Amino acid sequence: MHAAEKAGTYIPHFCYHKKLSIAANCRMCLVEVEKAPKPMPACATPVTQGMIVRTKSDKSIAAQKSVMEFLLINHPLDCPICDQGGECQLQDLAVGYGGTSSRYEEEKRVVFHKEVGPLISMEEMSRCIHCTRCVRFGQEVAGAMELGMSHRGEHAEIETFLGQTIDSELSGNMIDICPVGALTSKPFRYNARTWELSRRKSVAAHDSSGANLVVQVKNNQVMRVVPLENEDVNECWIADRDRFSYEALNGAERLTQPMLKQGGEWKTVDWQTALEYVANGLRNIQRDHGANSIGALVSPHSTLEELYLAGALVRGLGSDNIDHRLRHAEFAAADGVRTLGTSIASLSTLQRVLVVGSNLRKDHPLFALRIRHAVRHGAQLNVVTSAAAFSHADAWAMPVAHAMLSDASAWAQALADVAAAIAAEKGVTAPCAGTATAEAKAIAKSLLGGERKAVLLGNAAAHHANASSLLALANWIGEHTGATVGYLTEAANTVGAQWVGAQPQTGGKHAGQMLAGGLKAALLLNTEPEFDSAAGAAAASTLAQAEMVVTLSPFKANMAFSDVLLPIAPFTETSGSFVNAEGRLQSFHAVVKPLAETRPAWKVLRVLANLLEIPGVAFETSQEVLARATAKPLVASNAARTEIRLAGPVTAPVVASIYQLDGIVRRAPSLQLTADARQEVTA
């Protein structure tokens with residue numbers, strides 16, 4: 001099959017998939033091999049010197065037609081109502097290899113439907129052709145074998161066992177790889193036919209992988225999201241939160257018109273009135289309380305252009321109070337932009353990995369997928385995290401070689417112990433006091449072996465009150481083992497936010513100080529501090545004390561303490577750019593028009609800056625904003641300027657649930673019905 005692909009020859013197949021192991025159970029790829037007594041499956045037949053293979057001979061075609069006849073014996077004739085109709089491999093190949101009528105007159109077999117959760121529909125399992133792609137995907141790629149085949153012969157069925165649901169954070173990929181309409185998308189079910197949909201490219205707006213998407217649109221509404229293949233970023237997979245979060249974009253909580261709070265009641269107004277109200281309010285607060293009383297809390301899920309203009313607006317008023325690090329407990333200045341420290345693609349080929357402070361599988365599903373691939377090929381995964389994030393054997397869905405489990409307050413000591421073990425092994429001086437425990441020695445020995453290695457700091461390590469010490473220790477370990485050191489980074493644009501200076505540059509208030517009070521005017525860009533910050537519920541009461549709070553959001557958010565709501569476009573309705581964990585800049589266009597009176601946030605910020613007479617922001621397009629924002633090159637550096645501190649009062653770092661990460665995911669009904677959404681997450 002591989003040789004034929006390279007030669008540009010197509011061989012029909014169902015069970016073969018380039019990312020999965022060879023199963024050879026559909027037999028559709030039978031070809032004639034010279035001197036072989038019978039047709040051979042192309043996917044499972046190794047190439048040998050001098051082999052002659054005929055893929056279009058009478059013998060090959062006859063074998064393939066026979067297989068197709070068997071596949072169609074029990075397949076229901078429901079193409080007109082099947083969601084897979086129009087993009088079905090079986091439908092396509094039946095045209096070329098199927099007969100015009102069936103020789104079989106017996107009743108077709110019936111397979112009863114299964115209920116497997118809110119995302120995947122298994123209503124029509126009679127369509128299943130037992131290619132086992134879904135089974136192999138779960139076992140080999142997702143790391144959790146949630147589907148299997150029971151019984152034999154005509155009684156064979158694909159099912160979960162003991163009535164369980166499919167709970168993998170990558171489960172939606174099973175829909176994509178199913179060659180027939182057996183597994184379909186439950187939220188998309190019966191909403192549109194594939195040929196009615198326009199297909200437009202975009203970039204995922206949730207985690208830091210920057211997965212490439214194809215957004216499918218009908219009547220100016222997002223109907224479905226599927227992956228766009230990019231081997232260097234997301235291969236051909238996407239996480240469920242990227243696939244199903246689009247439901248929120250069409251939901252009832254969308255903010256469609258500017259709103260002002262007058263006399264405790266919300267009233268809709270036009271854009272001119274709302275923007276003039278905000279501009280006048282900011283001028284008055286600047287005059288009465290000084291520019292330092294104005295600040296902006298911005299989401300790292302916002303685009304590069306939006307973050308740059310938010311910074312330009314605040315700094316144009318004379319303030320340096322802007323920050324995207326809402327969940328952080330430490331706000332040390334960095335020498336450069338903190339990134340993954342290596343390429344995303346290289347994660348698949350690592351031989352040794354140390355992950356610190358991350359629930360890897362849930363926080364970064366596509367990074368976990370690559371590291372799982374490395375582990376399947378002999379890599380050793382080492383972990384320093386909390387017992388809660390490592391609660392049971394399947395928590396990471398991959399074998400973990402060595403784990404040091406402790407409260408977050410002891411992570412620095414755990415890394416110091418690993419450093420001490422490495423120092424003892426290499427005969428160098430340890431960076432600080434540590435004890436070479438048995439676990440530390442095991443991790444040290446692992447990291448000193450192999451060639452391609454990485455130390456990866458997760459969301460909980462980035463949010464940690466002792467984050468600088470964790471980074472300094474990780475750097476020492478990386479330096480003495482030859483490993484790269486980097487952050488998995490939390491959000492779609494965490495790296496971009498640092499690049500364009502969406503954090504204090506000249507001594508302004510950081511997010512922790514702004515959320516603790518002291519602001520008279522707060523601009524909230526695409527964020528809900530009550531859910532998105534370390535302050536949690538206390539943020540609402542603190543912000544309620546400000547004279548003016550302006551929320552720029554696609555949703556009716558922060559209504560308890562805001563004075564103005566400005567409806568801005570989500571990523572599907574605006575052009576913009578994200579920078580993923582490895583520092584890759586990816587730009588995208590709007591895939592649908594902004595809903596009702598919604599406007600792209602970069603335009604709102606630009607007009608607001610113009611009303612405030614801030615110079616240098618008269619941009620006509622988002623591309624002009626991008627050119628200005630990226631004029632200063634991205635300088636990646638994971639260096640830590642700090643003395644290592646092992647002890648001290650350390651609160652548990654804030655880690656958002658996989659389906660609470662941002663406002664769009666929080667409002668996606670199907671995702672909120674999943675098992676992951678119901679579980680509490682602990683760092």
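What you are looking at is a predicted structure, and each value in this text was computed from that prediction instead of being measured.
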Side chains of T489 and S208 only: does a donor on one sit below 3.5 Å from an acceptor on the other?
yes
Using side-chain heavy atoms (C-beta onward) and a distance below 4.5 Å, is N321 in contact with N292?
yes
Side chains of N382 and S446: donor-acceptor distance under 3.5 Å anywhere?
yes
Is there a side-chain contact between F390 and V400 (heavy atoms, below 4.5 Å)?
yes
Is there side-chain contact between V455 and V485, with heavy atoms separated by less than 4.5 Å?
yes
Once the angle between the rings of H206 and F571 is folded into 0 to 90°, is it parallel (under 30°), tilted (30 to 60°) or perpendicular (over 60°)?
perpendicular
Any Lys/Arg nitrogen of R666 or D532 sitting under 4.0 Å from an Asp/Glu carboxylate oxygen of the other?
yes
Any S343 side-chain heavy atom under 4.5 Å of D232 side chain
no
Do T437 and D417 get their side chains close enough for a donor-acceptor pair, meaning under 3.5 Å?
no
Can a donor-acceptor pair be found between the side chains of T165 and D167 at a distance below 3.5 Å?
yes
In plain terms, say whether K445 and E425 are close enough for a salt bridge, that is, a side-chain N and a carboxylate O under 4.0 Å apart.
no
Lys/Arg N to Asp/Glu carboxylate O, R667 vs E528, below 4.0 Å
yes
So do R452 and S346 actually touch side chain to side chain, heavy atoms under 4.5 Å?
no
Under a plain distance cut-off of 3.5 Å, with no hydrogens placed, do N638 and N475 share a side-chain donor-acceptor pair?
no
I want to check something: taking the side chain as every heavy atom from C-beta on, are V428 and I422 in contact at a cut-off of under 4.5 Å?
no
Are R584 and I344 packed together at the side-chain level, in the sense that at least one heavy-atom pair is separated by less than 4.5 angstrom?
no
Taking all heavy atoms of A421 and all of A440, pick out the closest pair and write down the distance.
CB-O, 3.8 Å
Pair L523, L297 - check side chain to side chain contact (heavy atoms under 4.5 Å, CB included), show working.
CA-CA 6 Å; L523 295 173; L297 294 164; over 6 Å; no
If we ignore hydrogens and angles and just use 3.5 Å, is the side chain of Q503 paired with the main-chain N or O of H510 as donor and acceptor?
no
Polar contact flag, side-chain donor to acceptor under 3.5 angstrom, N234-S209:
no
Test your reading of the model: is there a side-chain donor-acceptor pair from K362 to the backbone of E169, 3.5 Å cut-off?
no
Would you be so kind as to tabulate the donor-acceptor pairs closer than 3.5 Å made by side chains of residues 544-553, with sequence neighbours excluded?
{"unit_1": "E547", "atom_1": "OE2", "unit_2": "H289", "atom_2": "NE2", "d": "2.7"}
{"unit_1": "T551", "atom_1": "OG1", "unit_2": "N558", "atom_2": "ND2", "d": "3.2"}
{"unit_1": "T551", "atom_1": "OG1", "unit_2": "S562", "atom_2": "OG", "d": "2.7"}
{"unit_1": "S553", "atom_1": "OG", "unit_2": "F555", "atom_2": "N", "d": "3.0"}
{"unit_1": "S553", "atom_1": "OG", "unit_2": "F555", "atom_2": "O", "d": "3.3"}

How about CG on D335, more than 12 heavy atoms from neighbouring residues, nucleotides or ligands closer than 6.0 Å, or not?
yes
Any V356 side-chain heavy atom under 4.5 Å of L473 side chain
no
What I want to find out is whether K19 reaches E231 closely enough, with some N-O distance under 4.0 Å, to be called a salt bridge.
yes
Output all residues satisfying ring-ring contact (aromatic ring centres under 6.0 Å, His included) with F367, sequence neighbours left out; order by chain, then residue number.
H364
Return the minimal non-hydrogen interatomic distance between L326 and A511, and the atom names on each side.
CA-CB, 4.1 Å
Check the side chains of D407 and S409 for a donor-acceptor pair under 3.5 angstrom, ignoring hydrogens and angles.
no
